[in-house]
Chemist: 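Take this structure, written in structure tokens, and hold onto it; I'll ask about it next.
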Amino acid sequence: MYTPNQKQAVLNRAAFTTRSFRSGGLGVLTTLFHRFAEAGEYDVYISEIGLAERHVRVQVLEAQGPFQYNLDLTTLGGDPGCCEDEDNYQLHAGGVMGFYASEGTSVYGIVVKHNGPKEKRVLLDSQKLIPAGDLFAVTLVQPGVYAVTDALNKTEMLVEVQMPQPRASLPGTARSGPRKPPSEPGESGYSPRQAQVIGVRKDGFSARRAQLSSGQTVLFACEVDTHLIVDLQKAAPSTEKPAEKARLRVTRTDRPGPRKA
């Protein structure tokens, strides 16, 4: 029974309709992980493309602070420069900050500047390139064949996304009786939490082709500066079964007549 305090599920249509992803424009289903290698003070500028820019500060410390912090870009509010106390973050030297959008259709750009003793150095401008050492993750939902292009190094690969295979259809799997938990990762036929890692190198990707299940993540480990584009090249055919044809009634025409007395 519904009560007023219950939260209603909200369907994010963008998660099912987005056909193209860019490392230069972060949105739903993409995440950028930037590594802060050196201790010091950093300014991070988040621009919702076409709208106002927001600013946060990151203090990277040698001996304290978390090694990872994930920042939801949709939770940032206010004007640049306001709310300084709420927009300060700390990281351990060598730690990473993950930038992602949990909802909506907005696209974001990230700029990271290191405040040196003499000048600020731009370490990341996501709309131009992803620097070596960073990670770019894409969660692909719509089945089909995706073309992945490194626009800087002029290399390509393909990612094929398939619908998850039902456990009952796997070889050696019983169709009835209680289910046992899988003893190995992937034994159930669907492991959406298990990301597939692809290296991005100057001479090409570490794999020419990859296969994923719908809802699984591919993580691109950038060994060189790169600008990644992931486009749905060919959507998979509909998995819905065609409607069964109505059975025709057959009327016999050779029925015997009434018996004679």
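These figures come from a predicted structure and were not determined experimentally. This chain uses plain numbering: 1 for the first residue, then up along the sequence.
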Chemist: Taking only residues at least two apart or on different chains, which pairs with a member in residues 22-31 satisfy side chain to side chain donor-acceptor pair (under 3.5 Å)?
Modeler: Ser20-Arg22, Arg22-Asp231
Chemist: Give the cluster check for Ile110 versus Val230: same hydrophobic cluster or not, with ILVMFWY residues linked at side-chain heavy-atom distances below 4.5 Å.
Modeler: yes
Chemist: What about Val111 and Phe99, same hydrophobic cluster or not, with Ile/Leu/Val/Met/Phe/Trp/Tyr joined at side-chain heavy-atom distances under 4.5 Å?
Modeler: no
Chemist: In Å, rounded to the nearest 0.5 Å, how long is the span from CE of Met157 to CZ of Arg208?
Modeler: 9.5 Å
Chemist: Would you find a donor on one side and an acceptor on the other, under 3.5 Å apart, between the side chain of His55 and the backbone of Val44?
Modeler: no
Chemist: Please work out whether the ring planes of Phe220 and Phe205 are parallel, tilted or perpendicular, with thresholds of 30° and 60°.
Modeler: perpendicular
Chemist: Quick check: does any side chain N or O of Thr139 sit under 3.5 Å from a backbone N or O of Gln216, one acting as donor and the other as acceptor?
Modeler: no
Chemist: Tell me who clusters with Val224, hydrophobic residues only, linked when side chains sit under 4.5 Å apart either directly or through other members.
Modeler: none
Chemist: Looking at CD1 of Ile229 and CZ of Phe21, how far apart are the two atoms once the value is rounded to the nearest 0.5 Å?
Modeler: 13.5 Å
Chemist: Taking Asp43 as the fixed residue, which of His114, Arg57, Lys113 is the one that meets the side chain to side chain donor-acceptor pair (under 3.5 Å) rule?
Modeler: Arg57
Chemist: Run the ring-ring contact (aromatic ring centres under 6.0 Å, His included) test against Phe36 and tell me which residues pass, sequence neighbours left out.
Modeler: His34, Tyr42
Chemist: Check whether the side chains of Gln90 and Asn88 place a donor and an acceptor atom closer than 3.5 Å, and report yes or no.
Modeler: no
Chemist: Is there a path of hydrophobic side-chain contacts, each under 4.5 Å between heavy atoms of I, L, V, M, F, W or Y residues, that connects Ile198 with Tyr146?
Modeler: yes
Chemist: Tell me whether Glu62 contacts the main-chain N or O of Ala93 through its side chain, where contact means a donor paired with an acceptor under 3.5 Å.
Modeler: no
Chemist: Is there a path of hydrophobic side-chain contacts, each under 4.5 Å between heavy atoms of I, L, V, M, F, W or Y residues, that connects Ile130 with Leu123?
Modeler: yes
Chemist: Counting only N and O atoms by type, is there a donor-acceptor contact under 3.5 Å from the side chain of Asn153 to the main-chain atoms of Asp225?
Modeler: yes
Chemist: Taking atom CG of Leu73 and atom CG of Leu26, what is their separation to the nearest 0.5 Å?
Modeler: 6.5 Å
Chemist: Atom CG in Leu140, atom CZ in Arg19: separation rounded to 0.5 Å?
Modeler: 12.5 Å
Chemist: Can you tell me how far OG of Ser213 sits from CD of Glu160, rounded to the nearest 0.5 angstrom?
Modeler: 10.5 Å
Chemist: Please report the shortest heavy-atom distance between Ser214 and Met163, naming the atom on each side.
Modeler: CB-SD, 4.3 Å
Chemist: Would you give the length of the straight line joining atom CG of Asn115 to atom CD of Gln59, rounded to the nearest 0.5 angstrom?
Modeler: 10.5 Å
